K.L.:
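Quick one: structure below, then a few questions.
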Amino acid sequence: MKKDTVCRLCSSCCPVEVVLENDRLAGAVRKSSLPPGERASCPKLKAAADIVYSPERLKTPLIRAKGASGFREASWDEAMGLVAEKFHYFKEAYGPESVCWLRGMAADWGAPWDYVNRLMNLFGSPNTIGNGSVCHVAREMAHVLTYGAMTAPDQRHSRCVIVWGKNDRDTNPAAYEGIYHAKSRGATLIVIDPVRTRLADMADIWLQIRPGCDGLLAMSMIHEIIDNRLYDEAFVEEWTVGFDPLKETAAAYPAEVVAGRIWLDPDAIRSTARLYATLGPASIIEGNGLDMQLNIFDNTRAVCLLRGLTGNLDRRGGDLIPQPIPVRNLQMKDRLPQDVKPITCDYPLFNEFHETWGRQVQSCVIDAILDEKPYPVKMLMVQSANPVVTMTDANRVMQALKRLEFMAVIDPFMTRTARFAHVVLPATSCFEKTQLNRAFLRNNPVVLQNQVIDWVGDSWPDWKIIFELARRLGLEKEFPWQSAEEAIDDQLAPAGITVEMLRQNPSGIRIEEIAYEKYKTKGFDTPSRKMEFYSETLKKHGYAPVPTFDDDAENRISFYDQRDGFPLIGISGARSRCFTHSQFKFVPYLARLEQECVIDIHPADALEKEISDGDTLRVETPKGHIIMKARISDVVHPGSIRIAWGWGEFRPDYNLNNLTDDDRRNPVTGTPSNRSFMCRISKATS
Ligand SMILES: Nc1nc2c(c(=O)[nH]1)N[C@H]1C(S)=C(S)[C@@H](COP(=O)(O)OP(=O)(O)OC[C@H]3O[C@@H](n4cnc5c(=O)[nH]c(N)nc54)[C@H](O)[C@@H]3O)O[C@H]1N2
Ligand SMILES: Nc1nc2c(c(=O)[nH]1)N[C@H]1C(S)=C(S)[C@@H](COP(=O)(O)OP(=O)(O)OC[C@H]3O[C@@H](n4cnc5c(=O)[nH]c(N)nc54)[C@H](O)[C@@H]3O)O[C@H]1N2
Ligand code: SF4
Ligand SMILES: [Mo]
C-alpha cells in the first residue's frame, strides 16, 4: 500500500510516496518531475525505515533517577505532571520569564512552533527562542528589510543561475533538480563557494571566495554594474529608493581594489557581474554559506540589492516575492504581558521584523543561564535540538546545561543533550504525525505532512505533547483541539482549506496562480513601498542604511586577532547527504556510505606540515580542540581547511563546535561566526 506525505528528515520538506507493508514503513520515494534517471536521490530517505524503527528510538518517557546518573522509565502522566509542576514552580519562584523554550533544527519549523509560542505567550514567558541567528532567519531579515519578504529563486526559468554559499546537490534535491533543469536548457551556472563542491564542479564559473567576504564581492559587482550602466534603469527609477547613496557607497569597491582582499581575480568579478546583469532572467540561490558569519547581515543585504538593481526581482526566471497562504496567527502574542522583555532584548529589530518569527538569537539562552543577562533562566525546554553538538562554543553550552535547575528534552533519540536532562519526552518521527510545514505556508502550494504509520513505542507527536502540557497549565480553553487535524483546520480557515481537502490533493493546493511583478499593483512590503537600497528603518536603529564594509571587513572572522598562533581558516561543514546535522550517525546503511569524518587540507599546506592522507590531526582554536583524519584535497584554497560537520554526537572529540566562538556576534542578528574561524593544526599523537 502507498501513502503520500512530506519527509522532514531534513529541512527540505520533500513530498514523498511511502510504501507500507503490514502497516509498517517499508520504503519511500521522492516525488519529482524529472525522468527517473535524472532525479536526485536521497540516502537519508532510503534509510527512512532504519531510522524510524531504529533500536535507538526512545520508546517511553524517562525521568532522571534520584541520586544516580541514569534515568528510569516513567508514564506520560508522571513525566508530564513533573514538567507542568516545574513550570508552576519557576513561575512562582522567579517569574514566568525564567522558563525558556529552545527550538532547534528545521525538522520542526512547522506549525508546532506556533503552538509552542502560543503556550509560552499565555504562560507569560517571551522566551520561546529559535535558532534563526545561525540558520536562514538572519538572512530572511535582510530580505525583508530590503523588499518586504524573502525571495524564492525561480531557477528553472533562469538563463543565469548564481549559487551563492549553497550546496543543493547535497542539501536540497528539489532545488538541485531545478538547477539541473536550467543548466540542461543552456543556463550559465556560477557558484560562489570557498570549497569546490560537487555543485561547483558543474559550474561554468566557480569563484573560490575567501570565507566571510561575500558582501565585498556583492558590492564590487554592484559597482561594476552601475559604472557600466548595466542596471535596469526603469526599475531603479520607478521602484527603488536610495540609488544615489548606493552608487556612492559601491564606488569604494572597484574589482581591482577588492579582488586581492577576497582571493579572487578582478576579471572574474567583472565578468560575473556582467553575466548576471545581462544574461537575464537570472536568479540567485543563496544558502547557509552566508549564514553564521560576523558580517551576515550586510553581506546578505548586499546580495539582495543585486536582485533589484538588475530588474531580476519578482520576474519569471529571477527571484520571486512569495505568495503566502493566508493563515490564522495562532501565537496570541497580544496576551503576553508587555512589560517583560525577552532574553534577546539586545536585538530589537530581529525580535520584531516578522509577525511570527522573532526571538531567534539562540546564544542569548546561554547568556541568560550562565551570566544571568538580562535575567536568569532556570528552566529549559529543548525541542528538536541538540545544542551540545550544534550550538556555538560547546564547552560553554555544556556548562550552561549543567547549571540549569531543570531541563526537559523532547526528541525521538537519547542525544548528548538529552543526557543532561531531568526529563526526556520521546517524540515521534516525521512519518508518525500530521502537521503543516512553514515551507508550504510561506508560498503556494500547501502540501500536507500526513501521519502514515502508528506511533513507535509509547512516543507522542510534538503537537500532542504541547497540547497536553497546555492543558496541565490550565490553558484548555486556548488549546481546545483534540487532534492535529482540528488545529490545522483552525489555522487554515482563512485560506478556505481543510485537512480533508489536502488529503484529497496530495500534490498540494494552490490558492493563487503564480504571478510576476506583483509590486506593480501592490508595491513592496517596505515603509517606502519600494525596494530599499537605503533603509531608513536600519538608520533609525543605528545600523548602516546602505551595506558598508570597512577597510578590514575581510578579516571579520573569529580569532583573527590571534592569527599568529592560529594561522589557518577553518571552514565548517559542509553538510553530508547522509546525515542531518548531528543525526543518523547510528544508522548502519548511512554509516557505511560515509564512514569517516575528515578534514580537507590543501596539498601545499599538507606538504609544508608533512601531513599525509589519513593522518590523525588535532585542530585547535582558543576555545578548544578536536581530532579528525586528514584528507589531502585541492577542493579547498591553500590557507584554509574544511572540517566535517555534525559528528560531535558520534564522538565528543569530533565536535566542531568545540572550536567556535560565541564572544563576538553580528550586532543586528546576534550571529556568531560558526562558519569560519582561525585555527591551527598539528599531527595528533594518539
Ligand atoms: N559550527 C556550526 N554550527 C552549526 C551549523 C554549522 O554548519 N556549523 N549549522 C547550524 C544550523 S544551519 C542549524 S539548522 C543547526 C541545527 O541544530 P539542531 O537543531 O540542534 O540540529 P540536529 O542535530 O539536526 O538536531 C535536531 C534534533 O531534533 C530531533 N528531531 C528530529 N525530528 C524531530 C521531531 O519531529 N520532533 C522532535 N521533538 N525532535 C526531532 C533529532 O533527533 C535531533 O536530536 O546547527 C547550527 N549550528
Ligand atoms: N543532507 C543534509 N541536508 C540538509 C541539512 C543537513 O544537515 N544534511 N541541513 C538543512 C539545513 S538546517 C540547512 S540550514 C541547509 C543548508 O544548506 P546549504 O546552504 O546548502 O548548506 P551547506 O552544506 O552548509 O552549504 C553551504 C555552502 O557554503 C559554503 N561556504 C562556507 N563558507 C562560505 C562563505 O563564506 N561564503 C560562501 N559564498 N560560501 C561559503 C560551503 O563550502 C558550502 O558548500 O541544509 C538543509 N539540508
Ligand atoms: S532531502 Fe531527503 S531527508 Fe531531506 S526532506 Fe528530502 S527526502 Fe527527506
Ligand atoms: Mo539550518
Side-chain angles (χ1 to χ4, degrees), residues 5-16 28-31 40-48 51 56-58 102-110 112 130-138 168 170-176 287-289 291-292 362 381-394 409-418 425-433 435 437 439 449 459-463 465-466 570-575 577-585 643 645-646 648-649 655-661 671-677:
T5 186
V6 169
C7 174
R8 296 288 335 240
L9 293 176
C10 82
S11 56
S12 298
C13 291
C14 301
V16 295
V29 187
R30 255 190 72 246
K31 295 179 187 171
S41 66
C42 173
K44 300 186 290 308
L45 185 64
K46 265 200 187 132
I51 293 167
E56 305 287 326
R57 272 289 293 272
L58 291 171
L102 177 70
R103 193 267 295 120
M105 88 111 177
D108 247 19
W109 278 31
N131 74 349
S133 52
V134 293
C135 194
H136 78 276
V137 191
D168 283 324
D170 293 333
T171 57
N172 190 330
Y176 168 68
N288 207 236
D291 300 330
M292 293 181 280
Q362 59 173 6
M381 299 292 295
V382 177
Q383 182 191 13
S384 71
N386 192 3
V388 167
V389 180
T390 58
M391 269 177 75
T392 320
D393 193 349
V409 170
I410 308 171
D411 204 290
F413 294 97
M414 178 53 81
T415 60
R416 290 205 181 270
T417 299
L425 302 173
T428 62
S429 77
C430 57
F431 298 103
E432 298 152 59
K433 61 184 168 187
Q435 72 175 23
N437 295 300
Q449 177 184 328
S459 59
W460 279 8
D462 292 81
W463 63 262
I465 297 172
I466 299 158
I571 304 172
S572 162
R575 279 118 184 70
R577 292 171 71 220
C578 294
F579 307 119
T580 300
H581 306 296
S582 70
Q583 300 182 61
F584 314 144
K585 306 283 188 295
I643 307 166
W645 163 236
E649 177 64 23
N655 191 348
L656 193 145
N657 277 321
N658 290 350
L659 303 173
T660 50
D661 168 39
T671 305
S673 177
N674 285 6
R675 230 341 140 185
S676 32
F677 40 82

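Remember, it's 1-based here, ligands and their atoms both numbered in the order they're listed. What you see is a predicted model, and the numbers here were worked out from it, not measured in a lab.
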K.L.:
Suppose I only count heavy atoms of Leu656 and a 4.0 Å limit; which atoms of ligand 1 are within that range?
P.N.:
1 (N)

K.L.:
Is it true that Met292 lies under 4.0 Å from ligand 1, counting heavy atoms only?
P.N.:
yes

K.L.:
Can you list the ligand 1 atoms lying under 4.0 Å from a non-hydrogen atom of Ala427?
P.N.:
36 (N), 37 (C), 38 (N)

K.L.:
Would you mind checking which non-hydrogen protein atom is closest to atom 2 (Fe) of ligand 3, with the distance to 0.1 Å?
P.N.:
Cys42 SG, 2.3 Å

K.L.:
May I ask you to identify the nearest protein heavy atom to atom 6 (Fe) of ligand 3, giving residue, atom name and distance to one decimal place in Å?
P.N.:
Cys14 SG, 2.3 Å

K.L.:
Considering only heavy atoms, does Asn131 approach ligand 1 within less than 4.0 Å through its side chain, its backbone, both, or neither?
P.N.:
side chain

K.L.:
Hey, does Thr415 come in under 3.5 Å of ligand 1, counting only N/O atoms on both sides?
P.N.:
no

K.L.:
Could you check atom 3 (S) of ligand 3 against the protein and tell me its nearest heavy-atom contact, residue, atom and distance included?
P.N.:
Lys44 CE, 3.4 Å

K.L.:
Is it the case that ligand 1 has an N or O less than 3.5 angstrom from some N or O of Thr660?
P.N.:
no

K.L.:
For ligand 1 and Asn288, I'd like to know whether there is a polar contact (N/O to N/O, distance under 3.5 Å).
P.N.:
no

K.L.:
Hey, which atoms in ligand 1 end up nearer than 4.0 Å to a heavy atom of Phe413?
P.N.:
42 (O)

K.L.:
Indicate whether the side chain of Arg416 and that of Asn655 have a donor and an acceptor atom separated by less than 3.5 Å.
P.N.:
no

K.L.:
Who's the nearest protein heavy-atom neighbour of atom 5 (S) of ligand 3, and how far?
P.N.:
Cys7 O, 3.4 Å

K.L.:
Which residue and atom name correspond to the protein heavy atom nearest atom 1 (S) of ligand 3, and how close is it?
P.N.:
Pro173 CD, 3.4 Å

K.L.:
Any atom of ligand 1 sitting under 4.0 Å from a heavy atom of Pro412?
P.N.:
yes

